[in-house]
Amino acid sequence: MQIEVTEKVTQQDQEALFTGLRAYNSQFIDTSNWFELGVYARDENGIMLGGLIGKRKGDWLCIDYLWVSDAARGKGLGSELIRGAENRIREWGCSHMLVDTASFQALPFYQKCGFTLHNTINDFPHQGMQRHYLTKAL
């Protein structure tokens, strides 16, 4: 056996690892209904003003990314993106949402949208910052 330590993760290595991990996990979890969701807002010229990307995992939507442009921030667009995702996942029968956010990002926003803070990790990713994990029951 050879152990390799590298700072360059190739697509091929990542896929080999994921293939093994998925094979193991599939013994315990049915992943046949896991897929991505995108909710996007664009202006009249097709320029993206904000969006949400998440993954359905069983009865949960895990929000990976949510972004609102500076020009659209503070106008309710973020809440609209969350509502758009909620409406779609309700159609799918999902009952929960999960998101994580850094202290300099959007903790108050998610709480305003009905998410409950469950855990905070201090000094992540840097000293003096926090990572917050929140959920929302639908």
Side-chain angles (χ1 to χ4, degrees):
M1 177 188 326
Q2 177 185 344
I3 302 294
E4 174 187 0
V5 178
T6 181
E7 294 177 9
K8 182 178 181 189
V9 177
T10 67
Q11 187 67 32
Q12 181 181 5
D13 288 339
Q14 181 173 316
E15 193 53 43
L17 188 146
F18 286 169
T19 297
L21 182 59
R22 288 182 193 121
Y24 177 78
N25 289 349
S26 69
Q27 300 172 74
F28 307 98
I29 300 172
D30 176 13
T31 61
S32 62
N33 67 348
W34 290 23
F35 45 86
E36 294 180 318
L37 172 69
V39 182
Y40 307 114
R42 301 179 196 279
D43 70 10
E44 59 279 353
N45 298 314
I47 304 298
M48 188 174 292
L49 299 175
L52 178 154
I53 295 175
K55 291 183 182 71
R56 177 186 181 173
K57 295 182 178 183
D59 296 334
W60 289 75
L61 177 70
C62 301
I63 298 173
D64 293 322
Y65 308 101
L66 189 143
W67 167 78
V68 175
S69 69
D70 289 340
R73 199 163 288 151
K75 299 177 182 176
L77 179 57
S79 298
E80 286 185 56
L81 295 169
I82 294 284
R83 280 192 301 276
E86 288 174 358
N87 291 338
R88 177 57 56 92
I89 67 171
R90 277 189 182 101
E91 293 172 6
W92 296 340
C94 291
S95 54
H96 294 86
M97 299 173 80
L98 170 70
V99 68
D100 66 280
T101 187
S103 55
F104 63 89
Q105 291 176 322
L107 177 61
F109 163 76
Y110 287 115
Q111 291 173 315
K112 180 180 161 190
C113 290
F115 285 79
T116 301
L117 178 64
H118 285 278
N119 190 25
T120 296
I121 299 173
N122 292 316
D123 298 325
F124 181 84
H126 297 288
Q127 185 74 26
M129 294 181 179
Q130 299 83 36
R131 191 64 158 190
H132 306 290
Y133 292 85
L134 303 99
T135 63
K136 181 175 183 177
L138 302 179

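Numbering of residues begins at 1 and proceeds along the displayed sequence. For clarity, every value in this text was computed on a predicted model and none was experimentally measured.
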Closer than 3.5 angstrom, by distance alone: can the side chain of [X] be matched with the main-chain N or O of [Y] as a donor-acceptor pair?
X: Glu15; Y: Gln12; result: no
X: Asp59; Y: Cys94; result: no
X: Asp30; Y: Ser32; result: yes

Can you name the closest pair of heavy atoms from [X] and [Y] and give their distance?
X: Ala72; Y: Leu77; value: CB-CD2, 3.7 Å
X: Leu61; Y: Ala85; value: CD2-CB, 3.9 Å
X: Tyr133; Y: Leu117; value: O-CD1, 3.6 Å
X: Tyr40; Y: Leu52; value: CE2-O, 4.3 Å

Answer yes or no: is there a side-chain heavy-atom contact under 4.5 Å between [X] and [Y]?
X: Ile89; Y: Leu37; answer: yes
X: Ile63; Y: Ile82; answer: yes
X: Gln111; Y: Leu134; answer: yes
X: Leu81; Y: Val68; answer: yes

To the nearest 0.5 Å, how far apart are [atom1] in [X] and [atom2] in [Y]?
X: Leu49; Y: Asp43; atom1: CG; atom2: CG; answer: 5.0 Å
X: Met97; Y: Tyr110; atom1: CE; atom2: OH; answer: 8.5 Å
X: Asn122; Y: His132; atom1: CG; atom2: NE2; answer: 8.5 Å
X: Leu98; Y: His118; atom1: CG; atom2: NE2; answer: 8.5 Å
X: Ser103; Y: Asp123; atom1: OG; atom2: CG; answer: 9.5 Å
X: Met129; Y: Phe124; atom1: CE; atom2: CZ; answer: 11.0 Å

Pairs flagged by side chain to side chain donor-acceptor pair (under 3.5 Å) wherever residues 84-100 is involved - sequence neighbours left out:
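Every side chain to side chain donor-acceptor pair (under 3.5 Å) pair that includes a residue of residues 84-100, provided the two are not neighbours, is Glu86-Lys136, Arg88-Glu91, Asp100-Arg131.
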Would you say OH of Tyr65 has more than 12 non-hydrogen atoms from neighbouring residues, nucleotides or ligands within 6.0 angstrom?
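Check fails, neighbour count at 12 or below.
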Count the heavy atoms belonging to other residues, nucleotides or ligands that lie under 6.0 Å from CD of Gln27, then report whether that count exceeds 12.
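For Gln27, atom CD is crowded (more than 12 foreign heavy atoms under 6.0 Å).
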